[in-house]
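Keep in mind it's a predicted model, so treat the numbers as computed, not measured. Proteins get letters first, then strands, A, B, ... in listed order; numbering begins at 1 in each.
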Amino acid sequence: MNYWLMKSEPDVFSFEDLKARPGQREPWDGVRNYQARNFMRDEMKIGDRILFYHSNTNPPGVAGIAEVASEPYPDPTAFDPKSKYFDPKSDAEKPRWMLVDVKYQADLNRLVSLEEMKGMAGLEDMRAIQRGNRLSITPVTKQEFAAIQKAGMRQS
DNA sequence: GCCAACGTTGGC
DNA sequence: GCCAACGTTGGC
């Protein structure tokens with residue numbers, strides 16, 4: 001099993017929003033970065049665990065645990081001229097953007113903030129917490145995932 | 001709202 | 001294929 005960190009702006013789509021969706025699942029649409037797409041298209045497997053991270057909010061941090069819930073498939077928003085994610089260079093014959101469905105998996109007792117993660121032992125190499133990192137999907141090691149989930153289960 | 005970081009675009 | 005200009009992300 002692989003582990004991931006996926007960012008979302010809670011004003012746009014939060015962990016609570018995911019829990020409230022029918023089936024508690026949602027297509028992870030709108031990714032328009034090739035590295036992030038390649039992770040979804042080439043490396044994600046159903047059942048992979050996800051740290052659901054809230055960005056562009058105060059404080060930013062990991063809000064809950066999700067999982068990969070589908071095989072990769074073309075991002076339909078790329079074909080929709082009315083979508084803000086519309087990409088005229090993507091077509092159904094040769095779709096440029098692929099996504100997976102993401103599903104709620106478990107709650108944390110509290111948010112694990114970016115600030116806290118930066119101070120945690122064992123997370124020094126985590127790409128998601130490096131300064132200047134903008135990639136919305138990054139791989140996480142099993143140990144990093146476990147440390148963050150454990151921190152989030154501790155009552156503060 | 002500022003701005004550093006960095007991915008993408010397009011002229012050459 | 002280089003690289004300057006531009007746009008976006010996201011912490012602060």
Side-chain angles (χ1 to χ4, degrees), chain A residues 2-21 26-44 48-68 72-105 107-141 143-145 147-152 154 156:
Chain A
N2 290 317
Y3 300 86
W4 308 94
L5 181 143
M6 296 173 80
K7 295 184 197 171
S8 185
E9 300 189 24
D11 289 348
V12 178
F13 188 75
S14 70
F15 186 65
E16 292 71 31
D17 292 332
L18 178 65
K19 285 180 73 173
R21 280 300 142 104
E26 180 77 358
W28 203 259
D29 60 19
V31 169
R32 296 295 178 266
N33 170 284
Y34 290 104
Q35 270 185 277
R37 177 206 65 184
N38 292 349
F39 285 138
M40 290 197 285
R41 186 189 64 188
D42 305 332
E43 298 192 35
M44 284 191 181
D48 281 2
R49 293 296 150 88
I50 299 162
L51 299 169
F52 195 113
Y53 179 91
H54 284 172
S55 65
N56 236 314
T57 188
N58 190 18
V62 173
I65 309 296
E67 64 185 8
V68 175
Y73 62 95
D75 183 342
T77 64
F79 310 136
D80 178 4
K82 293 192 294 295
S83 169
K84 64 181 278 206
Y85 302 122
F86 177 60
D87 181 354
K89 285 176 267 187
S90 183
D91 61 71
E93 316 294 292
K94 274 201 108 192
R96 173 179 295 201
W97 303 111
M98 305 287 282
L99 53 68
V100 297
D101 289 351
V102 164
K103 186 180 178 190
Y104 165 79
Q105 206 270 326
D107 286 316
L108 298 175
N109 288 322
R110 60 184 183 84
L111 184 95
V112 182
S113 72
L114 174 63
E115 184 185 21
E116 180 177 355
M117 287 192 277
K118 284 179 171 171
M120 280 171 62
L123 303 189
E124 294 82 5
D125 296 332
M126 238 183 94
R127 181 155 180 196
I129 65 174
Q130 307 300 320
R131 172 190 166 83
N133 169 68
R134 299 187 305 151
L135 193 57
S136 65
I137 301 176
T138 46
V140 172
T141 68
Q143 291 76 17
E144 290 162 348
F145 184 95
I148 291 165
Q149 183 167 28
K150 188 175 165 195
R154 265 200 311 271
S156 44

Q. Between atom CZ in A:R32 and atom P in B:dT8, what is the gap in whole Å?
A. 13 Å
Q: With rounding to the nearest 0.5 Å, note down the distance linking CD in A:E9 to OH in A:Y53.
A: 11.0 Å
Q.
Just the rounded figure in Å: distance from C1' of C:dT9 to CE of A:M6.
A. 16 Å
Q. What's the NZ-C1' distance between A:K84 and C:dT8, to the nearest Å?
A. 11 Å
Q) Taking NZ, NE, NH1 and NH2 as the nitrogens, is one of them in A:E16 or A:R21 under 4.0 Å from a carboxylate oxygen of the other? A) no
Q: Please state whether the rings of A:F52 and A:W28 are parallel, tilted or perpendicular, taking 30° and 60° as the class boundaries.
A: perpendicular
Q | Phosphate OP1/OP2 of C:dT8: any A:Y85 side-chain N/O under 4.0 Å | A | no
Q.
Of the listed nucleotides (B:dT9, C:dG11, B:dT8), which one gets closest to any side-chain atom of A:Y34?
A. B:dT8
Q. Among C:dT9, B:dT9, C:dC12, which is the nearest nucleotide to the side chain of A:K89?
A. B:dT9
Q. According to a strict under-4.0 Å criterion, is A:R131 in side-chain N/O contact with OP1 or OP2 of B:dA4?
A. no
**Q.** Value in whole Å for how far the P atom of C:dC12 lies from CG of A:N58
**A.** 9 Å
Q. What is the distance from NZ of A:K118 to C1' of C:dG11, rounded to the nearest Å?
A. 7 Å
Q.
In this structure, how many angstroms lie between the P atom of B:dT9 and the CG atom of A:N33, rounded?
A. 11 Å
Q | SB check A:D75 A:R32 (cutoff 4.0 Å) | A | yes
(Q) Pick the closest DNA chain B nucleotide for A:N56 and for A:R127 by heavy atoms, then say which residue is nearer the 5' end. (A) A:N56
Q) Is the phosphate of C:dG10, meaning OP1 or OP2, less than 4.0 Å from a side-chain N or O of A:K7? A) yes
Q. Between A:F15 and A:Y104, is the gap from one ring center to the other below 6.0 Å?
A. yes
Q: Specify the separation, in whole Å, of atom CD1 of A:I137 and atom C1' of C:dG10.
A: 16 Å
Q | Separation of atom CD in A:E9 from atom C1' in C:dG10, rounded to whole Å | A | 8 Å
